[in-house]
Amino acid sequence: MTTDPFDLGAIPEETTARSTSAAAISAMRAPYLEGLNAEQREAVEALDGPVLVLAGAGTGKTRVLTTRLAHLLATRRAYPSQILAVTFTNKAAREMKERIGRLIGGVVEGMQWLGTFHAIGAKMLRRHAELAGLRSDFTILDADDQVRLMKQIIQAANIDEKRWPARQLATYIDGWKNRGLTPGKVPAGEAQSFANGKGAELYQAYQLRLKVLNAVDFGDLLLETLRIFQEHPEVLVEYQDRFKYMLVDEYQDTNVAQYLWLRLLAQKNRNICCVGDDDQSIYGWRGAEVDNILRFEKDFPGAKVVRLERNYRSTPHILGAASGLIAANEARLGKTLWTEENEGEKVRISSYWDGEEEARNIAEEVESLQRKGHMLHEMAILVRASFQMREFEDRFINLGIPYRVVGGPRFYERAEIRDANAYLRLVAQPDDNLAFERIVNKPKRGLGEVALQTIHQLANARGVSLMRAAREIITTEELKPAPRRALAGFVEMVERWRALVPGMPHTELAEIILDESGYTEMWQNDKSAEAPGKLENLKELVRSMEQFDDLQGYLEHISLVMEIESQDTGDKVNLMTLHSAKGLEFDTVFLPGWEEGLFPHQRSLDQSGVAGLEEERRLAYVGITRARKLSYISFAANRRIHALWQSAIPSRFIDEIPKEHVEVAESAMGASSFQNYAPSRFSQDFASGSDYSSPGWKRAQTMTRTTSKVRPPNLEVSAELVATSDPAAASYRRGERVFHQKFGYGEVTAIDGNKLTVDFDKAGRKKVIDSFLERV
DNA sequence: ACTGCCCAGGTTTTT
DNA sequence: CCTGGGCAGT
């Protein structure tokens, strides 16, 4: 091989042509190809050009994906470092890594570009941070930081936060970012919808704040990278050349920003393989565009489409029920799942008087199955909304059935973990203002509103971080003695810990920090019921840090990974939402709460109409297809939602399941009158083949055409913001008369850089900072 | 600066 | 019903 593999300028065709025969040869004796069915094999071997693999539920998607990667590597089409493989979740990325490792050994190590969209975006953004007006050590904010920041922005703009909650602004901004919209690109109508037209303005202000804080949120990891690609063609070309092959998992879940990102990267080599299932797109409300997968062939003319329809998971009845249901959707590419399994049991449908009866019966069925030898961990209860879980938990606790809640509150999102992380962040990165704010007074140190306000004031005036401002302020008398001492103690502590970083294992340091800061003690003294659990979580946190080399590595990890490995492996019934069940499978699946209003959820219908209904239906499809052998659907005539009782009729989805795959268990259910739904306007649009007129497509088009003309990121603006006060301009002379907010009028008697000694008429001699003074 | 009270709002949540 | 957040009182 004469071509330098790392010469990114190498002509792709050359490499391709040369390795074709090698590919054919190794394919013949490649052990990893054995056992694939014809379609799977086709999907694995179609290496060149755009490929869309439509992988139905349980058709061996992950296997195809990993085998394809192995095949690329084994046939030497590309070096590990030349393959871009993106997933949505860390779990999927991890799993892919493991499985490739098992197939072809250590090469995985070289796959630096296998990861989640966000992890890869972060990696790229760190390499080119300056092009986005950031330093490469920028911090990644999580949802909580994001909202806190927006709250500040809203307050600063003098907008009533009661009427316009930060949470809602966050939803808007996330939505815009998902669609690849920078502040200037927000459609006027939508910008109008928040705070009487201040939406885009606040978005802009938020972005400026982020730049000043040297921070990004999740959306920026993609959006900023995308913008760099669009505004700096040389950077884009570098990556286009580097990535000889691209692989995308769960393509149906990509949003517009991700779609544009992928399309730009794939433009040159066109070796992109997207794997997904339009019928399992359930994250539309998070910005996923089913359209992306539906129009793949239009985007990549000449694309090869492979359908994986042979299902290895479920029985024919379960597949029949699921297929019949999903057939009611108009906006789909269409697949017919089949299996060679034995017929098996029909889907059992039961009706109950109320939610409690439903829970009781399901719990009894769980016990009965267990007596017949079924394992608890092979059973799952999948609910639409998490409030439904309570009834089941109550029941299980009552009967002593071990259960596990999957999903739920994330480890890193818990307050105590976020507090602990804020301490660690502040030690690693003293300029992290959000971390500083979070913990200066936690545990209570007597640093309240006033103290914080003063620190803020100086920080803003100087354009420095809160930590720096605090360090300066304690050498003066700006604060009253008590808070001043408290702040001095705090600053000193953080600096002491910081000095320990190089010489001490980071887990040990973490323990010291939690201990010396008084944080652990705070919870020990807390008498509430949650306190012991919180302390336990803190211990778990320190334990989980062991798997990282150092503090830096740990912090980078947690900013991108919101989960923690749970080693909860006992034989327990699984309880989770339908959303978190995607990608999982169980022998037995219980699907309670199939009532109009709950499932399909009323809000989904209200908000998104037919598109919402179709997404709910896909959710139902995901639910049914989780089951290998047994599937139970049920609904209750009465349900207590919040305080009041509501009666409900069976979900229309129940009627949509073909009768031949169903067995009605309890009585009173044939009465459902939900039979026919007129085809919607939306569906007709789609059926008429006007794919290009879909909103997503139009949006995408305007995006690509116009963003290149966008003015560069707000570098100048943020620079201005940082330098609002020019210290030189404020230099005072001895004897000068000055005014201080707190101390009143006085005369300068001594000058030490920024620090002045002033004889105040009323307050006496004080040491203060120049930025708190005004000339008289 | 902390504690208690009142009021609103409650679908899903990969990073 | 139940939780979380904002505000008023000591």
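Below, chains carry the letters A, B, ... as their sequence lines are ordered, and counting in each starts from 1.
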Legend entry - Within 45° cone and under 6.0 Å: A:Arg617 NZ/CZ vs A:Phe653 ring: no

Inset, instruction - Send over the distance from A:Phe88 CZ to B:dT13 C1', rounded to a whole Å. - result: 13 Å

Inset, instruction - Just call it for A:Phe117: base, sugar-phosphate, or nothing, with non-hydrogen atoms closer than 4.0 Å on any strand. - result: nothing

Inset, instruction - Find which nucleotide of DNA chain B each of A:Leu578 and A:Lys444 is nearest to by heavy atoms, and output the residue with the more 5' nucleotide. - result: A:Lys444

Inset, instruction - Pick base, sugar-phosphate or nothing for A:Ser580, based on heavy-atom distances below 4.0 Å to the nucleic acid. - result: sugar-phosphate

Inset, instruction - Looking only at side-chain atoms of A:Arg603, point me to the closest of B:dC2, B:dT13, B:dT11. - result: B:dT11

Legend entry - Closest to side chain of A:Leu560, choosing from B:dT15, B:dC2, B:dT11: B:dT15

Inset, instruction - Identify whether any heavy atom of A:Lys91 sits under 4.0 Å from a base atom; if not, whether one sits that close to sugar-phosphate; answer base, sugar-phosphate or nothing. - result: nothing

Legend entry - Phosphate OP1/OP2 of B:dT13 contacted by A:Thr577 side-chain N/O (<4.0 Å): yes

Legend entry - Integer-rounded Å distance: B:dT13 P and A:Arg384 CZ: 8 Å

Inset, instruction - Would you check if A:Trp285 stacks with the base of B:dT11, given a 5.5 Å centroid limit and a 30° plane limit, both strict? - result: no

Inset, instruction - May I have the distance from A:Glu614 (atom CD) to B:dT12 (atom P), rounded to whole angstrom? - result: 22 Å

Legend entry - A:Gln607 side chain, from C-beta outward: closest of B:dT11, B:dC2, B:dT15: B:dT11

Legend entry - Nearest listed nucleotide, side chain of A:Val450, among B:dT13, B:dA1, B:dT11: B:dA1

Is there any protein nitrogen or oxygen under 3.5 Å from a nitrogen or oxygen in nucleotides 2-10 of chain C, and what are the pairs?
residue	atom	partner	partner atom	Å
C:dG6	OP1	A:Lys151	NZ	2.9

Legend entry - From B:dT15, B:dT13, B:dT11, nucleotide with atom closest to A:Asn90 side chain: B:dT15

